[in-house]
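The model shown is predicted, which means the values in this text are computed figures rather than measured ones. Index from 1, following the sequence. The figures that follow rest on heavy atoms only: side chains count, while hydrogens, waters and symmetry mates do not.
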Amino acid sequence: MKRFDAIVMFASLWLLASMAIDVLTPRELTVYAIGAALAPATAISALLYWLGVPRIDFAVCFSALWMVTGMVLELISPVPLSPSAIVVTLLPILVVGTVINFQRWRRSFAPTVRGAKQAN
């Protein structure tokens, strides 16, 4: 049942993202073009989710795919997108990078046990 759930979840997210981006972009960029630009990233994300990729790796891949999708939308748009589109495109990758670096920083202060092997 996990396969069917993942398909429905990612298809719903793809449709929702296409409609939300359609509202926020100029009229010249249609929902069909947006859906076609989002489809590869959604399919790759669904595959990674179904394969059980670890959470941090999935977040990094998802944010990179989101950034690539933002660049594709900028390329296919007949008119320039608003400057806030840059922020929306880069925000997920900045958040993921911040969380990873914060976790690494917190682990650097964790107490260690003497004589135990440390995992890298």
Original post:
Would Met9 end up clustered with Leu48 when hydrophobic side chains under 4.5 Å apart are linked, directly or stepwise?
Top reply: yes
Subject >> Atom pair OG (Ser84) and CG (Leu24), whose distance is rounded to the nearest 0.5 Å >> reply: 8.0 Å
Original post:
If Ile, Leu, Val, Met, Phe, Trp and Tyr residues are connected whenever their side-chain heavy atoms lie under 4.5 Å apart, and connections chain through other members, are Ile76 and Ile21 in the same group?
Top reply: yes
**OP:** Heavy atoms only: give me the nearest Glu28-Val79 pair and the separation to one decimal.
**Re:** OE1-CG2, 3.5 Å
Original post:
How far apart are the closest heavy atoms of Ser18 and Gly35, and which atoms are they?
Top reply: OG-CA, 3.5 Å
Could you give the side-chain donor-acceptor pairs of residues 56-68 under 3.5 Å, partners two or more places apart or in another chain?
residue	atom	partner	partner atom	Å
Ser63	OG	Ala59	O	3.1
Ser63	OG	Val60	O	2.9
Trp66	NE1	Val88	O	3.1

**OP:** Determine, using the 4.5 Å side-chain heavy-atom cutoff (strictly less than), whether Leu94 and Ile86 are members of one ILVMFWY cluster.
**Re:** yes
**OP:** Report yes or no: do Ile44 and Tyr49 belong to one cluster of Ile/Leu/Val/Met/Phe/Trp/Tyr joined by side chain heavy-atom distances under 4.5 Å?
**Re:** yes
Original post:
Less than 4.5 Å apart, any side-chain heavy atom of Pro92 and any of Val96?
Top reply: no
Original post:
For atom CD1 of Ile100, is the number of surrounding heavy atoms from other residues, nucleotides or ligands below 6.0 Å larger than 12?
Top reply: yes
Subject >> Any donor-acceptor pair under 3.5 Å from Ser77 side chain to Glu74 backbone >> reply: no
Original post:
If you round to the nearest 0.5 Å, how far is CD1 of Ile7 from OG of Ser12?
Top reply: 11.5 Å
Original post:
Say you draw a straight line from CG of Leu81 to CG of Leu73; how long is it, rounded to the nearest 0.5 Å?
Top reply: 7.0 Å
Subject >> CG on Asp22 to OH on Tyr32, rounded to 0.5 Å >> reply: 9.5 Å
Subject >> Distance-minimising heavy-atom pair for Pro26 and Pro80 >> reply: CG-O, 4.3 Å
Original post:
Linking I/L/V/M/F/W/Y whenever any side-chain heavy atoms sit under 4.5 Å apart, do Leu38 and Val72 land together?
Top reply: yes
